[in-house]
Amino acid sequence: MQVESRNVETLRWRAGRLELIDQRRLPLEFEYVACDNALQTAAAIRDMVVRGAPAIGCSAAYGVALEAQAHAAATRAQFDAALEQAFAALAASRPTAVNLFWAIERMRQCHAQMRGGATRAEAAALLELARQIARDDVAINRALGRHGAGLIADGARVMTHCNAGALATAGHGTALGVIRSARDAGKRISVIANETRPYLQGARLTAWEMVQENIPVTLVTDNMAGHLMQRGHVDLIVVGADRIAANGDTANKIGTYTVAVLAERHRIPFYIAAPLSTIDLAIADGSAIPIEERDAAEVTGFRGLRWAPEGVNVANPAFDVTPAALITGLVTEKGVVERPDAAKIRALFGR
Ligand code: MRU
């Protein structure tokens, strides 16, 4: 039986405001946080109210639209200055996911095209573009999900890392989009969700999404992944991406590289699911991808509980890079690229 999975509304436009599910509070509380301008939106991205590469891109687009709306009655000079500040604040919110910069660039191009006209008309056009980016994201994820679903056998046990679900996008998800689409196509699948230390996107968000939809899910801590693979409990791995270099090297949540190395060792297919907006052709290989370093407090404890001694040195890189050589395939809205490399990735863009 074919069913179409319901969407979690990660971000929505309501009464002239951007509303975001507060992902810091999930799964204990479900509530929306409202943003009225670009600075508030940038803060929501920085503070992880919203996270996940496509979701922060869509939020940034709405952040620009909010700022334009707030200055729609201002002079052209004031309007332009406010937008420049919005672009800068949003671009400074998080460094690794390229979808953020991709979305800002699209908004900037719209601004450049409409600069000769009325500010009210431009504000309306920017809002329409933000809405379009969010609508397209859902459609892209559904297309990507259909391509990826073909890779998953009935009864497969699928491991994922971090949260690349509806919560990380405007809807449906990328890695979890593949899982949802496989389920929607009638396949019985179960998910192994890696907890994803230190921020626990797997335990808090992926597990929540799967439980909401009655997709069987088993939560494990990250250091259990190798054991499960060795014992033959994992059939396939699919994860999302924050930035894919021109040669296919892929930055994703810290710990993804470890999972990919283990997958190679155990000959388990390892797939990246991501839209083309996650590919950064300007970066030749993964070594040049900026890796966000986050607060030490995420490693020394959680929500006020501290377990590490005062005075200890801490490293907290939020992402790592999986070399293209470890990637079985890249699942995009244009199809699955087996063993991605520079030529195959260029071909996706018709180059
Ligand atoms: O730090 P986060 O939670 O923003 O990191 C998210 C990830 O690493 C996701 O896997 C990635 O953005 C893909 S989301 C479809």
Side-chain angles (χ1 to χ4, degrees), residues 7-8 10-11 20-24 26 44-60 93-103 134 137-138 140-142 144-145 148 159-181 193-209 222 237-244 250-260 270-280 286 289-295 298-299 316-322 327 330-333:
N7 256 330
V8 178
T10 303
L11 43 112
L20 301 165
I21 295 176
D22 189 345
Q23 299 193 33
R24 299 167 303 183
L26 281 174
I45 295 170
R46 188 192 58 230
D47 298 342
M48 305 285 274
V49 171
V50 62
R51 32 64 52 200
I56 65 178
C58 294
S59 301
S93 59
R94 290 192 75 191
T96 303
V98 76
N99 309 61
L100 176 74
F101 306 99
W102 171 89
D137 187 54
V138 181
I140 284 167
N141 293 337
R142 289 199 183 277
L144 172 165
M159 177 175 277
T160 191
H161 191 77
C162 192
N163 172 266
L167 289 167
T169 63
H172 198 65
T174 57
L176 296 192
V178 170
I179 288 165
R180 283 196 167 93
S181 294
N194 294 343
E195 169 191 48
T196 319
R197 277 279 291 147
Y199 206 72
L200 308 179
Q201 289 93 331
R204 296 189 303 105
L205 308 177
T206 294
W208 181 79
E209 281 195 38
D222 301 339
I237 297 155
V238 60
V239 300
D242 288 86
R243 193 183 298 225
I244 301 172
T250 295
N252 190 49
K253 179 53 54 194
I254 193 75
T256 301
Y257 171 51
T258 315
V259 173
F270 177 89
Y271 286 96
I272 300 285
L276 296 194
S277 56
T278 305
I279 299 176
D280 185 354
I289 298 177
I291 301 292
E292 177 181 13
E293 183 72 25
R294 293 185 58 83
D295 195 334
E298 290 178 356
V299 177
N316 188 11
F319 301 95
D320 58 24
V321 175
T322 298
I327 298 169
L330 172 60
V331 185
T332 76
E333 66 270 35

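Start at 1 and go down the list; that is how both ligands and their atoms are numbered.
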Begin with the C-alpha distance, continue with both residues' side-chain angles, and end with the deciding distance and a verdict on side-chain contact (heavy atoms from CB on, under 4.5 Å) for Val259 and Asn194. CA-CA 10 Å; Val259 173; Asn194 294 343; 3.7 Å; yes
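Side-chain atoms of Thr96 come within 3.5 Å of backbone N or O of Pro290 as a donor-acceptor pair. Although no hydrogens or angles enter the test, the distance criterion places a donor-acceptor pair under 3.5 Å between the side chain of Arg180 and the main chain of His172. Not a single donor-acceptor pair under 3.5 Å links the side chain of Arg197 to the backbone N or O of Ile254.
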Show the distances, to 0.1 Å, for all pairs joining an N/O atom of ligand 1 and a protein N/O atom that are shorter than 3.5 Å, listing one pair per line.
residue, atom, partner, partner atom, Å
ligand 1, 1 (O), Arg94, NH1, 3.4
ligand 1, 1 (O), Arg94, NH2, 2.8
ligand 1, 1 (O), Lys253, NZ, 2.7
ligand 1, 3 (O), Arg51, NE, 2.8
ligand 1, 3 (O), Arg51, NH2, 3.2
ligand 1, 3 (O), Gln201, NE2, 2.8
ligand 1, 4 (O), Gly52, N, 3.0
ligand 1, 4 (O), Arg94, NH1, 2.7
ligand 1, 8 (O), Asp242, OD1, 2.7
ligand 1, 8 (O), Asn252, OD1, 3.2
ligand 1, 8 (O), Lys253, N, 3.3
ligand 1, 10 (O), Asn252, OD1, 2.6
ligand 1, 12 (O), Ala53, N, 2.9
ligand 1, 12 (O), Asp242, OD1, 3.3
ligand 1, 12 (O), Asp242, OD2, 2.8

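Under the 3.5 Å distance criterion, with hydrogens and angles disregarded, no donor-acceptor pair is assigned to the side chains of Asn163 and Arg204.
In this structure, CD on Glu298 lies 6.5 Å from CE on Met48, to the nearest 0.5 angstrom.
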